[in-house]
Amino acid sequence: MTNKLPTCPVDRTLNLINKKWSIQIIRDIFFGKRHFKEFQEDKPNLSNKVLSNCLKELENNGLIEKKVSATKPTSTTYFLTDYGKSMKKIIYELAMFTLDNENNYTKEEKNNLKKQFREILDIED
């Protein structure tokens with residue numbers, strides 16, 4: 001006998017962020033990136049088309065919103081909604097999983113990264 005959930009909450013969450021770059025974009029917004037080109041700065045394999053589609057999906061899913069300025073040239077700025085901000089614990093736990101389980105960082109680097117994620121994501125110790 002299996003314990004099948006009628007609609008698994010893990011599946012529902014993953015459906016919100018199922019594009020390849022979704023989590024990284026959400027993380028980037030937490031860390032202060034707000035504009036299209038900023039999302040591509042450290043992601044050379046992220047094409048304009050893929051980024052555009054990912055941003056549209058995150059917006060359609062209610063995780064981000066965009067504001068287009070009335071200035072010339074126009075400027076589009078992306079923000080997390082309250083719904084998107086509620087993903088801060090997920091982002092934090094993803095980072096902690098790697099920092100706690102991999103040996104690719106020195107102890108000092110791990111401590112600094114943990115502190116940085118706690119501060120930016122406003123996570124209590």
Side-chain angles (χ1 to χ4, degrees):
M1 181 159 134
T2 62
N3 294 328
K4 186 174 188 262
L5 297 171
T7 304
C8 179
V10 172
D11 290 345
R12 291 182 56 86
T13 300
L14 290 175
N15 284 334
L16 291 173
I17 53 173
N18 66 358
K19 294 282 186 212
K20 179 177 179 181
W21 299 99
S22 296
I23 289 289
Q24 292 95 323
I25 291 168
I26 292 168
R27 178 215 47 215
D28 285 352
I29 296 173
F30 272 115
F31 277 73
K33 294 185 179 183
R34 300 280 185 261
H35 298 97
F36 194 89
K37 289 293 180 192
E38 291 177 319
F39 298 124
Q40 292 177 307
E41 287 174 347
D42 58 351
K43 300 171 198 69
N45 296 326
L46 178 55
S47 71
N48 286 348
K49 181 179 178 182
V50 170
L51 176 55
S52 180
N53 288 338
C54 190
L55 289 167
K56 284 177 190 169
E57 183 168 303
L58 290 171
E59 186 178 13
N60 289 339
N61 289 340
L63 296 169
I64 67 171
E65 62 181 316
K66 70 178 177 181
K67 294 187 180 178
V68 180
S69 71
T71 62
K72 292 199 179 194
T74 60
S75 174
T76 303
T77 307
Y78 295 90
F79 299 92
L80 291 167
T81 61
D82 287 341
Y83 190 44
K85 289 176 187 173
S86 71
M87 296 198 79
K88 70 181 185 178
K89 290 180 185 174
I90 294 170
I91 301 294
Y92 179 76
E93 290 301 329
L94 286 169
M96 294 310 105
F97 176 81
T98 295
L99 293 172
D100 290 341
N101 293 292
E102 289 188 6
N103 295 320
N104 297 332
Y105 304 92
T106 66
K107 185 174 182 176
E108 183 179 350
E109 288 171 328
K110 285 183 181 188
N111 289 336
N112 288 338
L113 284 166
K114 286 180 179 188
K115 180 181 177 192
Q116 185 179 16
F117 271 86
R118 272 194 310 274
E119 287 174 358
I120 289 172
L121 299 173
D122 193 28
I123 302 290
E124 299 289 325
D125 282 334

What distance separates [X] [atom1] from [Y] [atom2], expressed to the nearest 0.5 Å?
| X | Y | atom1 | atom2 | answer |
| --- | --- | --- | --- | --- |
| Ile25 | Gln40 | CD1 | CD | 9.0 Å |
| Asp122 | Lys89 | CG | NZ | 10.5 Å |
| Arg118 | Leu113 | CZ | CG | 10.5 Å |

| task | Decide yes or no on side chain to side chain contact (heavy atoms under 4.5 Å, CB included) for Phe39 and Cys54, but give the supporting numbers first. | result | CA-CA 11 Å; Phe39 298 124; Cys54 190; over 6 Å; no

Enumerate donor-acceptor pairs with a distance under 3.5 Å from any side-chain N or O in residues 65-76 to protein atoms, sequence neighbours excluded.
{"unit_1": "Ser69", "atom_1": "OG", "unit_2": "Thr71", "atom_2": "OG1", "d": "2.8"}
{"unit_1": "Ser69", "atom_1": "OG", "unit_2": "Ser75", "atom_2": "N", "d": "3.0"}
{"unit_1": "Ser69", "atom_1": "OG", "unit_2": "Ser75", "atom_2": "O", "d": "3.4"}
{"unit_1": "Thr71", "atom_1": "OG1", "unit_2": "Pro73", "atom_2": "O", "d": "3.2"}

| query | Between Lys88 and Ile123, which heavy-atom pair has the shortest distance, and what is it? | reply |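 Heavy atoms of Lys88 and Ile123 come nearest at CG-CD1, 4.2 Å.
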
| field | side chain to side chain contact (heavy atoms under 4.5 Å, CB included) partner of Leu51, the single match among Leu55, Asn48, Asn53 | value |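 It is Leu55, the one option of Leu55, Asn48, Asn53 that forms the side chain to side chain contact (heavy atoms under 4.5 Å, CB included) with Leu51.
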
For residues 11-24, which side-chain donor-acceptor pairs fall under 3.5 Å, sequence neighbours excluded?
{"unit_1": "Thr13", "atom_1": "OG1", "unit_2": "Pro9", "atom_2": "O", "d": "3.1"}
{"unit_1": "Asn15", "atom_1": "ND2", "unit_2": "Asp11", "atom_2": "O", "d": "3.2"}
{"unit_1": "Ser22", "atom_1": "OG", "unit_2": "Lys19", "atom_2": "O", "d": "3.3"}

| said: Please enumerate all residues that pass side chain to side chain donor-acceptor pair (under 3.5 Å) together with Lys43, with sequence neighbours excluded. | reply: Asp28

| Can you name the residues that form a side chain to side chain donor-acceptor pair (under 3.5 Å) with Arg34, not counting sequence neighbours? | none

May I ask you to test the [X]-[Y] pair for a side-chain heavy-atom distance under 4.5 Å?
| X | Y | value |
| --- | --- | --- |
| Ile26 | Leu63 | yes |
| Lys110 | Lys107 | no |
| Ile91 | Phe117 | yes |
| Lys85 | Asp82 | yes |

| field | salt_bridge(Lys33, Asp42) N-O dist < 4.0 Å | value | yes

| request: Would you confirm whether the ring centroid of Phe30 sits within less than 6.0 angstrom of the ring centroid of Tyr92? | output: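 Tyr92 vs Phe30: aromatic centres not under 6.0 Å.
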
| query | Would one find more than 12 heavy atoms of other residues, nucleotides or ligands at under 6.0 Å from atom CZ of Phe79? | reply | yes

| task | Step through the shown structure and confirm whether more than 12 heavy atoms of other residues, nucleotides or ligands are within 6.0 Å of OH on Tyr83. | result | no

| said: Show every ring-ring contact (aromatic ring centres under 6.0 Å, His included) that has at least one partner inside residues 40-77, sequence neighbours left out. | reply: none

Between side-chain atoms of residues 95-102 and protein atoms elsewhere (two or more places apart, or another chain), which donor-acceptor pairs fall under 3.5 Å?
{"unit_1": "Asp100", "atom_1": "OD1", "unit_2": "Lys114", "atom_2": "NZ", "d": "2.6"}
{"unit_1": "Asn101", "atom_1": "ND2", "unit_2": "Phe97", "atom_2": "O", "d": "2.7"}
{"unit_1": "Glu102", "atom_1": "OE1", "unit_2": "Asn104", "atom_2": "ND2", "d": "2.9"}

